[in-house]
Amino acid sequence: GDSVTQMEGPVTLSEEAFLTINCTYTATGYPSLFWYVQYPGEGLQLLLKATKADDKGSNKGFEATYRKETTSFHLEKGSVQVSDSAVYFCALSLYGGSQGNLIFGKGTKLSVKP
Amino acid sequence: NAGVTQTPKFQVLKTGQSMTLQCAQDMNHNSMYWYRQDPGMGLRLIYYSASEGTTDKGEVPNGYNVSRLNKREFSLRLESAAPSQTSVYFCASSLGFGPTNTEAFFGQGTRLTVV
């Protein structure tokens with residue numbers, strides 16, 4: 001079935017380090033891909049998205065490119081800040097099914113130390 | 001600009017008690033969802049409503065019921081709470097239901113403990 005696999009955390013980085021969080025997906029159709037972020041004690045909020053192959057989503061210095069050939073959507077940021085500490089979820093969307101609209105990965109917790 | 005509002009934020013129940021989690025959105029969205037979040041499990045869909053008047057089971061519907069009261073409101077009911085339902089519950093909404101229209105907006109969550 002359709003699924004999302006993302007690297008397990010936690011990931012601990014020093015401020016200004018380079019960040020990569022890997023995400024790969026399995027889907028029978030042509031999904032849209034998303035990264036959501038969850039700050040402590042809050043709900044999820046959309047960070048970026050890409051709706052077709054080779055699209056690049058970007059926001060707040062984060063980027064991810066929809067790679068159909070490798071079924072991947074890795075999240076990157078060139079220089080992380082303490083304020084980026086959060087849990088990051090990769091997700092895809094397709095029509096219908098028991099998983100509804102959005103299928104989430106299990107999340108990767110990022111901690112950035114000063 | 002409220003977005004998605006869930007109540008309550010925290011709740012402790014005894015095994016066998018019932019309760020209803022309330023959710024309302026003010027963005028005129030058509031689709032609404034209930035998820036639960038457990039450590040190491042990510043988010044799992046309980047029920048969803050693709051449009052007003054329809055509801056469907058998600059991945060983990062057992063022990064829950066839902067009501068799409070109107071376009072704005074989507075409630076989740078636990079008829080007889082069990083310790084396995086201890087979790088953080090999130091309501092979400094989106095404008096539509098499809099790959100190009102699925103930016104979901106989430107509420108702040110309800111932390112439920114069943115003892």
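Quick note on labels: first sequence line is chain A, next is B, and so on, each numbered from 1.
For the salt bridge (charged side-chain N to carboxylate O under 4.0 Å, His left out) test, no residue two or more places apart in sequence or in another chain qualifies with B/Lys9. For B/Asp56, the salt bridge (charged side-chain N to carboxylate O under 4.0 Å, His left out) criterion is met by no residue, not counting sequence neighbours.
Scanning residues 105-114 of chain A against chain B with a 4.5 Å non-hydrogen threshold yields A/Gly105, A/Lys106, sorted by number. Proximity to chain B at a heavy-atom threshold of 4.5 Å picks out nothing from residues 16-24 of chain A.
Both A/Leu75 and A/Tyr39 sit in one connected hydrophobic cluster of ILVMFWY residues. Membership requires side-chain heavy atoms under 4.5 Å apart, directly or through other members.
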Starting from the C-alpha separation in whole Å, work towards a yes-or-no answer on side chain to side chain contact (heavy atoms under 4.5 Å, CB included) for B/Phe105 and A/Leu46.
CA-CA 8 Å; B/Phe105 294 79; A/Leu46 182 68; over 6 Å; no
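Separation of atoms CZ (A/Phe104) and CZ (B/Arg44) is listed at 13.5 Å; rounding is to 0.5 Å. For the atom pair NZ (A/Lys49) and CD (B/Glu103), the distance works out to 5.0 Å, reported to the nearest 0.5 Å.
B/Phe106 and A/Leu44 get closest at one heavy-atom pair: CB-O, 3.3 Å.
Contacts of B/Gln37 with chain A are made by side-chain atoms alone, with heavy-atom separations under 4.5 Å and no backbone atom involved.
Side chain of B/Tyr33 to main chain of A/Leu102: no donor-acceptor pair is present (N/O by atom type, distance under 3.5 Å, no hydrogens or angles).
Among the candidates A/Gln38, A/Glu8, A/Gln6, the residue making the largest number of heavy-atom pairs closer than 4.5 Å to chain B is A/Gln38.
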